[in-house]
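For this chain, numbers begin at 1 and follow the sequence in order. Indexing begins at 1, ligand by ligand and atom by atom, following the structure's order.
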Amino acid sequence: MMVILKTIDEVRKQVKAWKKEGLSVGLVPTMGYLHEGHQSLIQKSVEQNDRTVVSVFVNPMQFGPNEDLESYPRDLDADAKLCEATGADMIFNPEPSEMYAEGFCSYVNMTGLPDALCGLTRPVHFKGVCTVVSKLFHIVTPDRAYFGQKDAQQLAIIMRMVMDLNMDIEIVGCPIIREEDGLAKSSRNIYLTPEERKAAVVLSKAVKLGQKLVADGEKDAKTVVDKMKALISAEPLADIDYVEMVNMDTMKAIDRVEGHILCAMAVRFGKARLIDNFIIDCRNVDKNE
Ligand code: PAF
């Protein structure tokens, strides 16, 4: 029977009891409004661990003042059904006051990796993500934690944080899950009008184009990015925030398509700001993710 817990004390008690029995624990951190992308993370955790905890917490700290904290979609009942059906053992669903007690003033603030891509237009975002994820790690003390590759910069940042701060947790990155027409699954797709929803397919088309150019041997990063931008710009409802090619481990812009590369984009369609990407490890050209 899956439980839904609201307090840190309850979670700690349950996890301690599991650990006493020698059971391994996987954590899937989410902000709820779960879709098949989250479900694939939960499935992976259920496969790899004896117990799976899904946190459902819309973290106020990672939203900027003009972002969608208030309107971010929430549906705990539907989330609970999906989690239970997928084999999760616990949902941790704290109130903001449980996570951020009065007087809260300790943060995990990374330099470097957040100063690129989404971090440029969302300056407080990754400080909020690193802080809440490290809190969740301390609360749940998982053996493994699961993050989607759709948030590729977040994945790189969490991996770096775990390495830098010697957190004894294996970070498992999971592939992007897409709709039939290619649009990456996202809780924010709900913001799209029917016209914008159709238009948003241009993101996955741009991903495919970029992947093909690289697979065909294009080595100039700007050529790849410019062609992707041209494709997206031809869609009148698309408003590009960025399309960039960076090194996946450092988030530094690259000129040549070499090494472990991330080609990422953020594009607005009306109220929705959507992201998509592809990662290619050119150190091993056959391994296209
Ligand atoms: O990816 C998300 O949904 C959030 O950034 C996370 C990792 C749950 C932290 O709030």
My understanding is that only residues two or more places apart in sequence, or in another chain, count here; which of them pass ring-ring contact (aromatic ring centres under 6.0 Å, His included) with Tyr107? Phe104
Heavy-atom contacts with Val132 under 4.0 Å: which atoms of ligand 1 show up? List them by number with element. 9 (C), 10 (O)
Give a yes or no on whether Val25 and Val28 share a hydrophobic cluster (residues Ile, Leu, Val, Met, Phe, Trp, Tyr; joining criterion: side-chain heavy atoms under 4.5 Å apart). no
Could you list which atoms of ligand 1 come closer than 4.0 Å to a heavy atom of Thr30? 8 (C)
Pair Glu67 + Arg122, salt bridge at N-O below 4.0 Å: yes
List ligand 1 atoms under 4.0 Å from Pro29, heavy atoms only on the residue side. 8 (C)
Can Arg283 and Asp281 be counted as an ion pair, charged N to O under 4.0 angstrom? yes
Please enumerate all residues that pass ring-ring contact (aromatic ring centres under 6.0 Å, His included) together with His125, with sequence neighbours excluded. none
heavy-atom search around atom 7 (C) of ligand 1 in the protein gives Gln154 NE2, 3.5 Å
Considering non-hydrogen atoms of the protein only, which is the closest contact for atom 10 (O) of ligand 1, and what is the distance? Gln62 OE1, 2.6 Å
Among all protein heavy atoms, pick out the one at the shortest distance from atom 3 (O) of ligand 1; state its residue, atom name and that distance to 0.1 Å. Met31 CG, 3.6 Å
